[in-house]
Number of protein chains: 2
Amino acid sequence: MTPEKTVARLSLYRRFLKLAKDEGTSNVYSHQLADMVRGTSAQVRRDLMALGCSGSPQKGYDVNELIKHIDEFFNTSEVVDVILVGIGNIGRALLSYFKSGKSHINIVASFDSDRQKVDRVINNSKCYYIEELSKFVSENNIKTAILCVPASEAQQTADVLMHSGIKGILNFAPVRLKLPANIFVEDVDITMNIEKLVYFSSGKRK
Amino acid sequence: MTPEKTVARLSLYRRFLKLAKDEGTSNVYSHQLADMVRGTSAQVRRDLMALGCSGSPQKGYDVNELIKHIDEFFNTSEVVDVILVGIGNIGRALLSYFKSGKSHINIVASFDSDRQKVDRVINNSKCYYIEELSKFVSENNIKTAILCVPASEAQQTADVLMHSGIKGILNFAPVRLKLPANIFVEDVDITMNIEKLVYFSSGKRK
DNA sequence: TTCACAATGTGATTTTTTTCACAAGACAAT
DNA sequence: ATTGTCTTGTGAAAAAAATCACATTGTGAA
Ligand SMILES: NC(=O)c1ccc[n+]([C@@H]2O[C@H](COP(=O)([O-])OP(=O)(O)OC[C@H]3O[C@@H](n4cnc5c(N)ncnc54)[C@H](O)[C@@H]3O)[C@@H](O)[C@H]2O)c1
Ligand SMILES: NC(=O)c1ccc[n+]([C@@H]2O[C@H](COP(=O)([O-])OP(=O)(O)OC[C@H]3O[C@@H](n4cnc5c(N)ncnc54)[C@H](O)[C@@H]3O)[C@@H](O)[C@H]2O)c1
């Protein structure tokens, strides 16, 4: 129902709203929010409308109220538990990034097939041997996974994730996973991002 | 002129076409390509039309010809030189990833403000002190940069990049850079990706 | 030969997303 | 009190992207 793009932006709004709040700002105008996410004020108002919350022409939107609404929208004001599979270069970078606890994301455990890498605790999250994944996921009712294994292993690992009950996968491997439609997959494809960037930054368009 | 989404997919098509080629495949049908990028065959044909190349209803598209066309489209059958700023966790992960030389991306140099990190060679690319960035960029006519510095440093570093002549920035910092419209910025926002993923994978929609 | 099939290329249509544009309301300044 | 200036909320329009649907055309089986 809510447009996909709106969902993405709501996540950004929340982040910037929290920063604004920390700075003591108590209300914001749509154009300020727009600046923060490189959008237009009309778009911001549309997004907030989808959220069902409103501001006043005088004071704009109340920061706290907005944050509360977005929290409700994502229905996780608390932290969301996710797991990470593949403790290689990006895997470790992500573990380090998310340990901070500044976001709503909590990487509760990580898994690897390399015996050398398991049973350690990297940035608060314990590393398990890959065989333990299924059990962990079902016991802890985990729904979301970050996949950082080599491309050659990605599909089979994704299959395991699916069978364990995972419903959403953030995939860093440069392959398109084949999974049933009820599993939501989001690809992070950096090579593609750069190629696109090169194309548009070499004066082709826009 | 060419839709942004099409540009993104063309990059993917090329990657998968090269894999197909390595496996000895000499022609592909639109639906095969569609499978590879999670799209529809009609969409693939549209994209390839934008490219101005055509196939035959009998043999589909010629793999080599398609690759050639896409290379031409991106007008860099050769490697594209980019620089990387901020040799931290993701910075190093990216250096390691792109050293392989398997893609069209070549990280020719990296820069950091930490004296400890410079003057080494990490994965083929020399690390320079940040002060040398401007000179390097203009002398080597670099147009594209990957930005991996902390959020607090991102805007000022982006300003330096812009003034040095950079036209496209792949930004990993969780802030929206304020730059003139002729600088193309692409954000990689992993926190947002995960939040979106959590939203859609918890049965909200789609 | 004739027919069914499978795939391309593309106009037309639909869906999704963004932008425009303006009524309405509060306030500050004159 | 009047005027000018902000901003919200939102229909209406536009733009961008995806999908539909079908004429067309080799190919091979009957
Ligand atoms: N590093 C980057 O910057 C980057 C950029 C874009 C894409 N990627 C992609 O992300 C993925 C990971 O990249 P990386 O650089 O971290 O690779 P890496 O080789 O450093 O790490 C891969 C990790 O996965 C583990 N692993 C291998 N098979 C496994 C399995 N079956 N089950 C569980 N764990 C397994 C390995 O032990 C290793 O720890 C790759 O698919 C890569 O193409 C990486
Ligand atoms: N690590 C991740 O998985 C991850 C995920 C999402 C976003 N990010 C973002 O990416 C950026 C980098 O993350 P990281 O984990 O690699 O951080 P990091 O702290 O490991 O690395 C930052 C690097 O930038 C260098 N640096 C600092 N100021 C600089 C300056 N002015 N000029 C040049 N170099 C400078 C530091 O010396 C350090 O090497 C951050 O903005 C972070 O928020 C990281």
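Proteins come first, then strands; the chains are lettered A, B, ... in the order of their sequence lines, and each starts at number 1.
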- Item | Toward the 5' end of DNA chain D, by each residue's nearest nucleotide, B/R46 or A/Q58 | A/Q58

- Looking at D/dT7, D/dT19, C/dC20, which one has an atom nearest to any side-chain atom of B/T40? D/dT19

- Query: Whole-Å distance between D/dT7 C1' and A/R45 CZ?
  - Reply: 7 Å

- Query: Is the distance from OP1 or OP2 of C/dG9 to the nearest side-chain N or O of B/Y29 less than 4.0 Å?
  - Reply: no

- Think A/S30 has a side-chain N or O under 4.0 angstrom from the OP1 or OP2 of D/dT8? yes

- Query: Which heavy atom of A/R45 sits nearest a heavy atom of A/S30, and at what distance?
  - Reply: NH1-OG, 3.3 Å

- For A/Q43 and D/dA14, what is the distance between atoms CD and P respectively, to the nearest whole Å? 19 Å

- Expressed in angstrom and rounded to an integer, what is the separation of A/D47 atom CG from C/dT18 atom P? 8 Å

- Message: Any side-chain N or O of B/S54 below 4.0 angstrom from OP1/OP2 of C/dG9?
- Response: yes

- Message: Does B/K135, at its NZ atom, have more than 12 non-hydrogen atoms belonging to other residues, nucleotides or ligands within less than 6.0 Å?
- Response: no

- Query: Rounded to whole angstrom units, what separation is found between the CG atom of B/D62 and the C1' atom of C/dA7?
  - Reply: 16 Å

- Task: Taking atom NZ of B/K59 as the centre, report whether more than 12 heavy atoms of other residues, nucleotides or ligands fall under 6.0 Å from it.
- Result: no

- Message: Check the phosphate of D/dT8 against A/S56, side-chain N and O only, distance under 4.0 Å to OP1 or OP2. Yes or no?
- Response: no

- Query: Do A/F136 and A/Y128 make the cut of ring centroids closer than 6.0 angstrom?
  - Reply: yes

- Taking atom P of C/dT8 as reference, at what distance in whole Å does atom CG of B/L66 sit? 11 Å

- Message: In this structure, how many angstroms lie between the P atom of C/dA28 and the NZ atom of A/K59, rounded?
- Response: 11 Å

- In whole angstrom, what separates B/H31's NE2 from C/dA6's C1'? 8 Å

- Can you tell me the pairing partner of D/dA30 across any strand shown, Watson-Crick or G-U wobble, with both distances under 3.5 angstrom? C/dT1

- Task: Kindly state whether the ring of A/F111 and the ring of A/Y129 have centres lying under 6.0 angstrom apart.
- Result: no

- Nearest-Å distance for atom pair CD/P, residues A/E4 and D/dA18: 11 Å

- Message: Over all strands shown, is B/T6 touching base, sugar-phosphate only, or nothing at heavy-atom distances under 4.0 angstrom?
- Response: nothing

